[in-house]
Amino acid sequence: MPKSPKKPKIRRNQKSLSTRSIHAGEPRKKYADSLMTPIIQTSTYTFKGSKGIEDYTKKGKEHFEYGRYGNPTAKIAEARLANLDGAEDCVVFSSGMSAITTTILSLVQSGDHIVITDDSYKKTLEFCRSYLKQFAIGCTIVPFGDYRKLERAIKKNTRFIFSESPTNPYLNIFDLVKIKKIADRHNVLTLIDSTFATPFNQRPIEFGMDLVLHSCTKYLAGHNDILAGAVLGRKDLIEKIRDLHKSMGGTIDPHCCYLLLRGLKTFPLRVAKQNATALEVAEFLESHPRVRKVYYPFLKSHRHYRVATTQMEGGGGVVSFETVGNLTTAKHFLDRLRLCYIGPSLGGVETLITHPALVSYYDYSRKQRYALGITDTLFRLAVGCEDPEDIIADLDNALKK
Ligand SMILES: *Cc1c(COP(=O)(O)O)cnc(C)c1O
C-alpha cells in the first residue's frame, strides 16, 4: 500500500477496537448482576423527597430527570461510541438525519455561512440548500475533490466545512489531512459524515476533525432493524448540540439504544468481513466482461486509491459498478438476482443492491441524473455478511446475457 510520510500514522489497533466495542462505556456491575446492559424503558425518573430534588437542582448531583434529557441506556451507547472513535463526547439521536440537522443548527445563526461538498448524502444537501436559507444562513456547495474551490468558498462568516467520506455512490474519499490544513488556515470547524467508514476503517478525530457524524442505522447497529444517529467530538461543541437536542427532541428510544449497543458488540467482526468480501466482489466485477466500470476505494483503479489506503483501514462494504447495456438490461439484471435483495440502505448483514436511477433519483430527469453521474446502468451493492462466493455466484448468474 502506498504511504506518504506526511500523513499522520494510523493506529492499527483493531484488536483493542474489538474489545472496546464489546465492553466500553458500560459498568462491569449492572442491575441484578445482569451481563447485558439493562434497557431502562422509562419516560421519566423520580426523586427521593425534596432533598433528592435539591441535590439535583442545586448541588448538580447526577440524576436523570426526563427521557428527552437523557437515559441510562443511551448514555452507555454514547460512551461506547465516543470511545470507539476516540472522541471526547457523543450524543445519540433517533436517526442519522436528526444528528446531522441538530448538529448543523446548533453551530450557526442567521448571517452565517457554511461550505458543503456536492456529493454529500442527498437529504443533508437538501437541508443545507433549501432549509438553511429560511434562517438566512448561506451555503456554498463545492465540487467534491476540488480543494482550491473549497478554500476559495470560505468567507469571513463561514462557520464550518461539512463533508462526507467515503461518499455515495462513487465512494469518493476526502483527504482529511488537506481539509484540516484548509480549515486551520481560515479558523473554521470541520464536520465529517463518516457513516460509510465506521471507526473500524477511519477515525477522523485522529486527523483533527472537530465533529464526526454517523448514521448508526448502517454498520454500527448493523442488522437493518433500527434507525439511529450520533455526533461525536469536542466536549464544548457536543454540549451545545446536546442542549439543542433537548429542544429539537430527536430522542432515541431506549430499546433502540439497546439494539445499537448489541450491534456494536459485533461491528468490527462484521466490517472486517464486509471489507474483505467487498474487495473480492469488486475484483470479480472488474474482471467481468459485462461490467464497464467498478468503483471501490481499495481497487487500484479508483481515483482516490492512494488517499483511501493511506487514511483508511479498509475500503468498506459498498461497491458501485456500471454494467454494459442500457436501462432495459439493467432491469433484467435486477430481476435475475436471487440472493441479493433489492433495497436502499447498507451496513446490515443482508446484501442489498440498489439502482440509484430507479430508486433515489426516480424523480430526476435523465439529463439531471446524468449530470450527477447517475447513469442508467449504475448499481450500488452493499455487501452483507454472507459468504463472498455466494454473492459472486448470484451476481455472475444475473449478469449472464
Ligand atoms: C443513511 C445515511 C444518513 C442518514 O441516516 P438515517 O439514519 O437514515 O437518518 C446520513 N448520511 C449517510 C452517509 C447515510 O448513509
Side-chain angles (χ1 to χ4, degrees), residues 74 77-78 81 85 90-105 116-129 131 141 144 161-174 176 190-202 204 209 211-232 241 245 248-253 256-257 259-260 263-264 267 270-271 274 278 295 297 308 312 315-320 343-348 350 352-354 356 359-361 372 374 380-384:
E78 291 172 346
L81 286 165
D85 253 301
C90 167
V91 193
V92 287
F93 294 80
S94 54
S95 71
M97 277 320 298
S98 179
I100 291 167
T101 53
T102 307
T103 296
I104 290 175
L105 289 176
I116 183 167
T117 46
D118 67 350
D119 71 345
S120 296
Y121 187 70
K122 197 176 162 210
K123 285 288 168 197
T124 306
L125 264 183
E126 253 175 55
F127 177 77
C128 291
R129 183 165 37 211
Y131 294 98
I141 302 171
F144 193 96
I161 302 164
F162 190 107
S163 191
E164 193 172 307
S165 190
T167 64
N168 176 33
Y170 291 108
L171 294 320
N172 286 321
I173 307 296
F174 205 53
L176 299 179
T190 46
L191 275 62
I192 180 161
D193 183 335
S194 191
T195 298
F196 273 47
T198 80
F200 185 94
N201 284 331
Q202 161 177 291
M209 299 297 110
L211 290 168
V212 178
L213 293 132
H214 287 292
S215 166
C216 308
T217 309
K218 315 294 166 54
Y219 295 96
L220 297 178
H223 293 78
N224 289 322
D225 53 4
I226 64 161
L227 291 174
V231 58
L232 314 96
I241 299 164
H245 179 43
M248 299 289 282
T251 315
I252 188 167
D253 173 78
C256 237
C257 255
L259 289 171
L260 171 57
L264 281 172
F267 105 89
R270 288 183 278 102
V271 173
Q274 284 161 317
Y295 303 87
M312 293 173 74
V318 176
V319 183
S320 294
S345 202
L346 55 132
E350 294 87 7
L352 293 171
I353 191 163
T354 184
V359 185
S360 316
Y361 294 87
L372 296 173
I374 309 295
R380 186 192 74 191
L381 181 77
V383 305

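Computed from a predicted structure; not experimentally measured. In each ligand, atom 1 is the first atom listed, and ligand 1 is the first ligand listed.
- Side-chain contact between Asp119 and Glu164 is absent, with no heavy-atom pair separated by less than 4.5 Å.
- For Phe174, the ring pair (Phe, Tyr, Trp, His ring centres under 6.0 Å) partners two or more places apart in sequence, or in a different chain, are Phe144, Tyr147.
- Every side-chain hydrogen bond (donor to acceptor under 3.5 Å, both in side chains) that Thr190 has, sequence neighbours left out, goes to Asp210.
- In this structure, CG in Asp193 is found 12.0 Å from CG in Leu211, a value given to the nearest 0.5 Å.
- Taking Tyr361 as the reference, Tyr364 meet the ring pair (Phe, Tyr, Trp, His ring centres under 6.0 Å) condition, with sequence neighbours excluded.
- Closer than 4.0 angstrom to ligand 1 lie heavy atoms from Ser95, Gly96, Met97, Ile100, Tyr121, Glu164, Asp193, Thr195, Phe196, Ser215, Thr217, Lys218, Ala228.
- Side-chain N or O atoms of Ser320 include none that pairs as donor or acceptor with a backbone N or O of Tyr295 at under 3.5 Å.
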